[in-house]
Protein chains: 2
Amino acid sequence: MLIKKSKKERQQLLLETIEENPFVTDEQLATKFGVSVQTIRLDRMELSIPELRERIKDVAERNLENEVKSLPINEVIGEIIDIELDKRAISIFDVKEEHVFQRNGIARGHHLFAQANSLCVAVINDELALTVRSNVVFIKPVRAGDRVVTKAIVRETNTEKNRTYIDVISTVNNETVFKGEFEMYRTKGEGEQK
Amino acid sequence: MLIKKSKKERQQLLLETIEENPFVTDEQLATKFGVSVQTIRLDRMELSIPELRERIKDVAERNLENEVKSLPINEVIGEIIDIELDKRAISIFDVKEEHVFQRNGIARGHHLFAQANSLCVAVINDELALTVRSNVVFIKPVRAGDRVVTKAIVRETNTEKNRTYIDVISTVNNETVFKGEFEMYRTKGEGEQK
DNA sequence: ACTGGTATTAGTACCAAGTGCTAAAACAGA
DNA sequence: TCTGTTTTAGCACTTGGTACTAATACCAGT
């Protein structure tokens, strides 16, 4: 196992080792590569790899940020840019890296659904609006960088049944990428508020 | 600001301070509370709070785990607890405050949709799985604190059309809260991988 | 074989942020 | 005043380093 590698090989391996396990000390690395601790330190210097404690701190800090970041599936998904209560509404949603499958770069369906669903809730002029049922179609893949424009149009409100029916169409560059029908529950009929 | 607190008060505050910012040194704490470093150390001992480096390491370790998990599982809303590829899968999702409308405490529909949609993607044993269409029904409101158990059952796979049809049922305490049918696109038929 | 340059090792002093231990003060209540 | 708790001080030691100097070792070219 302890066949002496060249400096370059060792440094490459060093990078990989630390990448994989940032918690390893110089001492352990020295033993692993069969060189002195000083050599490891020279290597780290050349590769500008920080010392153990700094590495650990970086990991800790980086992930403390992530915790804050992982909450954004929160209020309204997308930004509402136009709304006429109980009639129609438009929102835009900029697709970012975190919304797509890293494997193929295509947006996860539930983000498009979330934008449409949020918009339906928003367009209803009522204290309580809940989604009862929906039929949706994902027509064309959406990718990071795309700006999704979603329009919700109220088709019908049935006051006896406390229901509102909404049609939703999402487009990217004027091409339809998503369509849906939403049946929403509401406590009061339109215009009956307050 | 430097009104001397009682030992108990100080220790309570110490706990909160460190909880909120694990990166604080004994020195800084001593200054903050207007006591000596030794006092802080006694306090930490009594409260069995580990030293700075250990705390940082804990954060780093905890989050490194999360990171590893968040590659496969960040892709999924909810935690998959059982899966038989191309057949069935079960995930659980604990509804928290951030998932509900603050107005009425009811979970936003798109979170339930996201859990179901994620599960459908996961159950498909294929490199590429995309949602094409779905019909969903929100049967009963879900609230913060509820644990949603979602089962996805593959109904049919049509290899010529590259489609898989999946039925999803979500329950809270054995009561159905959500139902859905998902039509998924896949590149290959089941069992054709590699 | 001699010289030079790179690579490696050794050794020292120093640092941060501690632990562990002992001992002296300070304070508080009966 | 005595007693017990709380706080402070001081010192030796630990880890995992940095910064720096100096000595070797190795390898190639002439």
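No experiment lies behind these values; they were computed from the predicted model shown.
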- Message: If I take atom NZ in residue B:K7 and atom C1' in nucleotide D:dG4, what distance separates them, rounded to the nearest angstrom?
- Response: 12 Å

- Taking atom P of C:dA16 as reference, at what distance in whole Å does atom CG of B:L29 sit? 17 Å

- In whole Å, what is the span from the CD atom of A:E27 to the P atom of D:dG17? 9 Å

- Query: Between residues 38-52 of chain A and DNA chain C, which residues have a heavy-atom gap below 4.0 Å?
  - Reply: A:Q38, A:T39, A:L42

- Query: Among all residues two or more places apart in sequence or in another chain, which pass the side-chain contact (heavy atoms from CB on, under 4.5 Å) test with A:K140?
  - Reply: A:E175, A:V177

- Task: For the pair B:H111 and B:H99, name the ring-plane relationship: parallel under 30°, tilted 30 to 60°, perpendicular over 60°.
- Result: perpendicular

- Query: According to the salt bridge (charged side-chain N to carboxylate O under 4.0 Å, His left out) rule, which pairs have a member within residues 130-139 of chain B, sequence neighbours left out?
  - Reply: B:R133-B:E183

- Item | Partner set under side-chain contact (heavy atoms from CB on, under 4.5 Å) for B:T176, not counting sequence neighbours | B:I139, B:I169, B:T171, B:K179

- Query: What is the distance, rounded to the nearest whole Å, between atom CZ of B:R10 and atom C1' of D:dT7?
  - Reply: 8 Å

- Query: Side chain of A:R53, base of D:dG16: donor and acceptor closer than 3.5 Å?
  - Reply: yes

- Query: Rounded to whole angstrom units, what separation is found between the CD atom of B:Q11 and the C1' atom of D:dT5?
  - Reply: 13 Å

- Query: What integer distance in Å separates A:D58:CG from D:dG17:C1'?
  - Reply: 15 Å

- Nearest whole angstrom, please: distance from the C1' of D:dT15 to the CD of A:Q28. 12 Å

- Message: In whole Å, I'd like the distance from the CD1 atom of A:I56 to the P atom of C:dA16.
- Response: 19 Å

- ring-ring contact (aromatic ring centres under 6.0 Å, His included): which pairs involve residues 133-177 of chain A, sequence neighbours left out? A:F138-A:F178

- Item | Non-neighbouring partners of A:S134 that pass side-chain hydrogen bond (donor to acceptor under 3.5 Å, both in side chains), sequence neighbours left out | none

